[in-house]
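Please read the structure below before turning to the comments.
For ligands, and for the atoms within them, numbers begin at 1 and follow the listed sequence.
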Amino acid sequence: MKRVVVYNSKTGFSEKYGKWIAEELACKAVSYKEITQQRLKENDVIIYGAGIMAGKISGWEKVKKMPELNGKKLILYAVGGMPMKAEEAILTVKDNNLTKEEQKEIPFFYLEGGINFEKMGFIPRIMLKTMYKVMKKKKEKTQQDMEMISLFEKSSDNSSKENIKPLIICAKQI
Ligand SMILES: Cc1cc2nc3c(=O)[nH]c(=O)nc-3n(C[C@H](O)[C@H](O)[C@H](O)COP(=O)(O)O)c2cc1C
């Protein structure tokens, strides 16, 4: 089975995970911006990964409709700021991005990244600041709100190579 990792990364976390995954699977990791039809056609397994923006996995809606992916096996990884233990929120991301039918076909993995204000564009930074203010104003904050508030305060990197283990096992079984 020929595999390729395609990452769509705004601030570097999905790229870092993509390169770790490719290293473990001895395959190539390519940026979404550089992907060619030929590259997709010559691989049997496409591992797509991108950052989460307000619950949505960047670029995924477009990628999953690509005709070149017909008949290919897909694996999806989503990189976000929330901790690996935020099981409920991770399930929400899965449901937001994959229909129940797609969930049967496409293995989904959440990988904790971090926040990098320095590499972030102007608009995402404003969006994040707005989300932060809305959460801070909430009278009854959940544990998850509290975690996101402290996460959105400053840059952090919680990525870890350990997190890719389940994805690697899954990819090797295909
Ligand atoms: C506007 C904005 C919205 C975000 N929304 C979420 C979110 O809903 N859930 C989450 O876990 N992380 C969220 N994040 C954090 C990013 O997913 C996180 O920084 C991720 O590591 C980015 O990956 P990348 O560097 O590969 O693009 C958000 C970040 C920004 C800038």
Side-chain angles (χ1 to χ4, degrees), residues 4-25 27-35 46-64 74-99 102-103 106-138 141-168 171:
V4 66
V5 181
V6 180
Y7 59 81
N8 186 350
S9 188
K10 306 271 189 285
T11 60
F13 294 100
S14 308
E15 178 176 355
K16 191 190 329 180
Y17 274 117
K19 289 181 174 166
W20 278 337
I21 294 165
E23 197 181 294
E24 286 299 309
L25 295 173
C27 68
K28 284 215 159 70
V30 261
S31 164
Y32 170 71
K33 291 179 205 143
E34 288 155 24
I35 198 75
I46 318 288
I47 302 164
Y48 178 79
I52 306 168
M53 296 271 269
K56 285 279 177 188
I57 303 168
S58 297
W60 172 240
E61 283 302 316
K62 228 169 156 183
V63 167
K64 72 178 177 188
L74 295 177
I75 297 178
L76 177 63
Y77 70 89
V79 180
M82 61 190 165
M84 293 298 284
K85 62 174 165 43
E87 284 172 20
E88 226 175 283
I90 294 167
L91 274 181
T92 307
V93 171
K94 188 175 175 179
D95 288 337
N96 273 344
N97 291 275
L98 292 167
T99 63
E102 286 166 347
Q103 289 183 25
I106 305 172
F108 168 88
F109 298 89
Y110 173 73
L111 304 173
E112 183 175 359
I115 300 289
N116 189 326
F117 282 105
E118 291 73 32
K119 285 193 188 168
M120 205 178 281
F122 177 72
I123 293 171
R125 199 177 316 154
I126 299 292
M127 281 168 69
L128 208 64
K129 296 265 181 226
T130 310
M131 283 164 74
Y132 173 78
K133 280 185 195 156
V134 170
M135 278 182 206
K136 250 204 141 164
K137 270 193 192 152
K138 268 174 92 173
K141 297 182 186 69
T142 62
Q143 178 64 25
Q144 201 191 321
D145 292 334
M146 303 288 279
E147 280 172 1
M148 291 308 257
I149 288 168
S150 70
L151 184 77
F152 289 171
E153 264 162 3
K154 55 179 185 339
S155 290
S156 58
D157 182 352
N158 298 311
S159 56
S160 160
K161 202 172 174 186
E162 278 291 297
N163 295 337
I164 67 170
K165 279 186 177 165
L167 187 154
I168 300 299

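- Counting heavy atoms from C-beta outward, Lys16 and Asp157 have side chains that approach closer than 4.5 Å.
- Of the protein's non-hydrogen atoms, the one nearest atom 18 (C) of ligand 1 is Gly114 O, 3.0 Å.
- Around the CE atom of Met84, the shell of radius 6.0 Å holds more than 12 heavy atoms that belong to other residues, nucleotides or ligands.
- Summary of contacts: the protein heavy atom closest to atom 23 (O) of ligand 1 is Gly51 CA, 3.7 Å.
- Among protein heavy atoms, atom 12 (N) of ligand 1 sits closest to Gly81 N, 3.0 Å.
- The nearest protein atom to atom 22 (C) of ligand 1, hydrogens excluded, is given as Thr11 OG1, 3.9 Å; this is a heavy-atom distance.
- Summarising the local packing, NZ of Lys133 is surrounded by 12 or fewer heavy atoms from other residues, nucleotides or ligands at distances under 6.0 Å.
- Only the side chain of Met131 comes within 4.0 Å of ligand 1, counting heavy atoms alone; its backbone N, CA, C and O stay farther away.
- With a 4.0 Å cut-off on non-hydrogen atoms, Ala54 touches ligand 1 through its backbone and not its side chain.
- Taking the centre and axis of the six-membered ring of Phe152, the NZ or CZ atom of Lys136 falls outside the cone set by 45° and 6.0 Å.
- Regarding atom 16 (C) of ligand 1, its nearest protein heavy-atom neighbour is Ile52 O, 3.4 Å.
- Of all atoms in ligand 1, listed by their number and element, those nearer than 4.0 Å to a heavy atom of Met53 are 1 (C), 2 (C), 3 (C), 4 (C), 5 (N), 30 (C), 31 (C).
- No part of Lys119 comes within 4.0 Å of ligand 1, judged by heavy-atom distances.
- In this structure, Glu118 places its CD atom where more than 12 heavy-atom neighbours from other residues, nucleotides or ligands lie under 6.0 Å away.
- In this structure, Ile21 and Tyr77 have side chains that are in contact, with non-hydrogen atoms separated by less than 4.5 Å.
- Distance from atom 8 (O) of ligand 1 to its nearest protein heavy atom, with residue and atom name: Gly55 N, 3.1 Å.
- Among the atoms of Met148, none of the N or O lies under 3.5 angstrom from an N or O of ligand 1.
- Residue-to-ligand polar distances place Met82 within reach of ligand 1: an N/O pair is separated by less than 3.5 Å.
- By the neighbour-count criterion of 12 heavy atoms within 6.0 Å, atom CD of Glu61 is densely surrounded, having more than that number from other residues, nucleotides or ligands.
- Contact check for Ile75 versus Tyr48: no side-chain heavy atoms found under the 4.5 Å cut-off.
- In terms of protein heavy-atom proximity, atom 29 (C) of ligand 1 is nearest to Leu128 CD1, 3.5 Å.
- The number of heavy-atom neighbours closer than 6.0 Å to NZ of Lys56, taken from other residues, nucleotides and ligands shown, is above 12.
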